[in-house]
Amino acid sequence: MLTDDGTAVVLRIDRAGLEMRDVRGQVSWVEWPDLKTVAPIDGSQTDEAPTLRSFAETWNRLDEDARAEALFRLAVVQEVATGYRHGHPELRLPGEPSELFDPALGSSLTVRCRRMAERLNHEMETGRRSSMSAPVSVRTVHVWFTLWRANGLIGLVDGRRAKRIEVFSTLPLAWREAAREVVAAFDGDVSTVNLREVRRRVKVRLRDAGQDLQVPDRAASRYVSHLMSTRGATTRAQRSNKLRGVSGTASFPAMVPGQVVAIDVTRSDVMVWCPVREGACSVEIISAMDLATRVILALRVVPMSADAHDASMLMYDVMRPFSQLVEGTDVSDWAWAGAPRQIEFYADADDAEPDCSGVEVTCPRTCRNLRVAPGLQGEHMVPGVRPAAVRADHGSIFVSQVFRELLARFGIDLPLSRTRRPIDNGILERYHETLQRGLQQLPGYKGRNPSQRGRVVGLDGSHRDEPLLTAPELEQFLRRWIVLDYHRTPHTGLHLPGAERVDLRPIDLFDALLKVTGRLHVPQRPDLIYDFLPVRWGTVGQSGVELSGLVYDSPVLDGLRAVPVGTFRAEDRAMPFFYDPHDVTRVWIRHPESERIMAVPWRKAHMTQAPMTETLVQHVRGAVRLRQGHPRLSSTVAEDEIIAELGSLLEGVAPKSWRKRVSAARMRHETARHDHTEAEAAMTVADMVTEHPAPSPTQPRGDDTFSIWADSWPFEASDREA
């Protein structure tokens, strides 16, 4: 059995206890209540070994490596002291006692320690002692012997290991939990403090909780130091450790189209015209790039600063294939395949004849072919993909709960760049420099930094000779520039593996890789946008449903005003509504009977033309509460005050500080209106096709793996003919 002095041999057992002899030859009696078991440290499945209870409590607090190291040293010391590795003649191994270490032969302790050091070093050099990381000197063996003779087996435990494990266990559990809560507040947002201040905050927290705990100063200091070291010594390290919790868990080489998509936001270096502010203002450009081919899958111009819903709508564009038509000098804007004004249907890929006069682009969802002329004239495709991973930096919009839940809904990983390391997303950062080639063609260009800025750029009157573009016009220009310039410009970093080194254009490489990988499955439905909206739960009553202080009602809610508990979720009568933070004048519901998306308008939406975004409404509601002096207003009073307040803002009566908010709200609201109008038009066409089915075979179902809802879109060519 194992004791605090090393190995012991049991001499006699009876019902009261047992008699044992230790390595020193001393015989002692131990009663059964004083015994306990310890787990073996060699990984075997044998029964636990008996030991003294007082020693077991100390021994079990050590980790496996510390115990294994102490037992190795014990075997060395016991062989030097007795000539037997396990310390007893009854436990002798073949060849024991060795003439090198048998004390009966008269060798001094120093000689035996020297012989042991020589044996250990020889075994390490020949590979028979792989557990040793460094040679052992005679002095080291002698020190082990001295420590064992003075303190027993615990004396052979490495002091650093013993302190780290044994000291923390002396602290009460409540004190350790309070310390962890205090240290958890250091996430990079607040300034770090010294260890003494951390301990003071722990005491305050415990005192407020009604606990007065006395802890050893040395142990408490070591534990706080340990927590702060794992948290990070600087605010930068603390921020990095915090953000690891939202980073991705897989690595992707970006070898095929759509595997990894990089997204980022950059400030536009072109001033745009703002009708609300009646002057120039700055905007941001949020882009998504397929890293394997450098194709720009989506782009949006958004107000400063971009929010999480802007990033969600960018992912909505990533999954939609677009096309652009060039006829003479007329260039169309990007058109989604689901928009009625650009619905085009093509033969299946298997039935299409090769056409060497142009580039063949495969529609990602339906695998239909679209011929693109080699010149600027004709149809140009912008593919849609469902990414396996999205590469982004640690911007608040990308690590927000809204964006992460959206990616999780589609099974998309989020590998984040390291903090303050823009080179991790260097391909998209380099694209921002390439974007200058397009921005410099526009009026109001202000340069990359103040040193490049003209003296009158952005000042009143500077745009009179050269009118500025509005934000929608800037977005339209950039989309055209991407399709007709960027996608058609050879890149020095794009080459086909195994072929002659020729610089390829992004759209050519995408087409070439797509022929290798096959079609890309992307959910395409006319109501796809609602998969990208957050869901709010509300209970429908006789007067409608109240969400975020606004009441929504419509005849489409008839039959849903008194549903039983558990109809939509088990705990209550609430039902899910799709909510657009950029257009709160309405919400949407998927009717449980027809499975169609239906809009439920705000009951007072007809009384105002203000850009009703969630952010602007919250600001107005806060101003109303301050003026009324009540923290809580009824929904009717709040709605009336919001209408009056927003009406005065649009009339120019509002302070100058409000104009920036109203300008951003109008831009976001108009974009949301355009997106929903496009989806509503697509759903109308889908309903027309459904009501008049063709006699041809039934169309295939959508890709249910990545989509929550119903059929695919676009429909078959035969359906359109019908």
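To the nearest 0.5 Å, atoms CZ (R300) and OG (S287) are separated by 12.0 Å. Residue Q238 holds its CD atom at 4.5 Å from OG1 of T192, rounded to the nearest 0.5 Å. How far CD of Q436 is from CG of D269: 4.5 Å, rounded to the nearest 0.5 Å. Note that CH2 of W336 is 4.0 Å distant from OH of Y316, once rounded to the nearest 0.5 Å. Going from atom CG of D531 over to atom CZ of R525 covers 4.5 Å, rounded to the nearest 0.5 Å. One distance of note links CE of M271 with CG of L442; it measures 13.5 Å at 0.5 Å rounding.
Crowding of R180 atom CZ: a count of heavy atoms from other residues, nucleotides or ligands under 6.0 Å exceeding 12. For CD of E571, the number of neighbouring non-hydrogen atoms (other residues, nucleotides, ligands) closer than 6.0 Å is greater than 12.
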For I589 and F578: C-alpha separation, side-chain torsions, deciding distance, then whether side chain to side chain contact (heavy atoms under 4.5 Å, CB included) applies. CA-CA 6 Å; I589 183 176; F578 298 106; over 6 Å; no
Could you walk me through whether L195 and M228 pass side chain to side chain contact (heavy atoms under 4.5 Å, CB included), step by step? CA-CA 8 Å; L195 302 182; M228 290 297 293; 3.7 Å; yes
Residue pair V483, R488: steps toward the side chain to side chain contact (heavy atoms under 4.5 Å, CB included) verdict: CA-CA 7 Å; V483 173; R488 301 172 61 85; over 6 Å; no
Using side chain to side chain contact (heavy atoms under 4.5 Å, CB included), reason through E284 and M304 one step at a time and then give a plain yes or no. CA-CA 6 Å; E284 290 184 336; M304 294 183 60; 3.5 Å; yes
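Heavy-atom minimum distance, D290 versus V260: OD1-O, 3.6 Å. F398 approaches D264 most closely through the heavy-atom pair CZ-CA, 4.2 Å. Scanning all heavy atoms of the two residues, the minimum distance from P387 to I412 falls at O-CG1, 3.3 Å. The shortest heavy-atom contact between S229 and H226 is OG-O, 2.7 Å. Taking both residues in full, the closest heavy atoms of S323 and E379 are given as OG-OE2, 2.9 Å, listed atom of the first, atom of the second, then distance. Nearest heavy-atom pair across V182 and R205 is CG2-NE, 3.4 Å.
Using modelled atom types, one side-chain atom of Y552 and one backbone atom of V584 make a donor-acceptor pair closer than 3.5 Å. Panel note: side chain E433, backbone E429; no donor-acceptor pair is recorded below 3.5 Å. Proximity of a side-chain donor or acceptor of H669 to a complementary backbone N or O of H582 within less than 3.5 Å is not detected. Between the side chain of R176 and the main chain of Y223, no donor-acceptor pair closer than 3.5 Å is present. No side-chain donor-acceptor contact under 3.5 Å links S268 to the backbone of V283. Of the possible donor and acceptor atoms, none in the side chain of R294 sits under 3.5 Å from a partner among the backbone N and O of H491. The backbone N or O of D580 sits nowhere less than 3.5 Å from a side-chain atom of H309 that would complete a donor-acceptor pair. The main-chain N or O of G566 is never found under 3.5 Å from a side-chain atom of R569 such that the two would form a donor-acceptor pair. Judged by distance alone, with hydrogens and angles left aside, the side-chain atoms of S400 form a donor-acceptor pair with the main-chain N or O of I397 at under 3.5 Å. No side-chain donor-acceptor contact under 3.5 Å links R505 to the backbone of H487.
Applying the ring-ring contact (aromatic ring centres under 6.0 Å, His included) criterion to W481, with sequence neighbours excluded, gives no partner residue. Under the salt bridge (Lys or Arg N to Asp or Glu O under 4.0 Å) criterion, R430 pairs with no residue, sequence neighbours left out. Listed by chain and residue number, nothing satisfies the ring-ring contact (aromatic ring centres under 6.0 Å, His included) test with Y579 (two or more places apart in sequence, or in another chain). For R201, the salt bridge (Lys or Arg N to Asp or Glu O under 4.0 Å) partners at least two apart in sequence or on another chain are E197. In this structure H432 satisfies the ring-ring contact (aromatic ring centres under 6.0 Å, His included) test with no other residue, sequence neighbours excluded.
Looking at W588 and V600, their side chains never come closer than 4.5 Å, going by heavy atoms from C-beta outward. Between P601 and T585 the shortest side-chain heavy-atom distance does not fall below 4.5 Å. Taking 4.5 Å as the limit, every side-chain heavy atom of D393 sits out of range of all side-chain heavy atoms of N425. Considering only heavy atoms from C-beta on, D333 comes within 4.5 Å of R479 through its side chain. No side-chain heavy atom of T470 sits less than 4.5 Å from a side-chain heavy atom of E475. Looking at heavy atoms from C-beta onward, I507 lies in side-chain contact with P383 at the 4.5 angstrom threshold. Contact annotation: the side chain of F403 approaches that of M315 to within less than 4.5 Å [non-hydrogen atoms, C-beta and beyond]. The shortest distance between side-chain heavy atoms of L297 and D317 does not fall below 4.5 Å.
Using a 4.0 Å cut-off between charged nitrogen and carboxylate oxygen, E614 and R536 count as a salt-bridge pair. For E405 and R409, the salt-bridge test fails: no basic side-chain N is under 4.0 Å from an acidic carboxylate O.
Among pairs with a residue in residues 304-316, those fulfilling salt bridge (Lys or Arg N to Asp or Glu O under 4.0 Å) read D307-R668, D310-R668, at least two apart in sequence or across chains.
Taking the six-membered ring wherever Trp is involved, the centroid distance between the rings of H380 and F322 does not fall below 6.0 Å.
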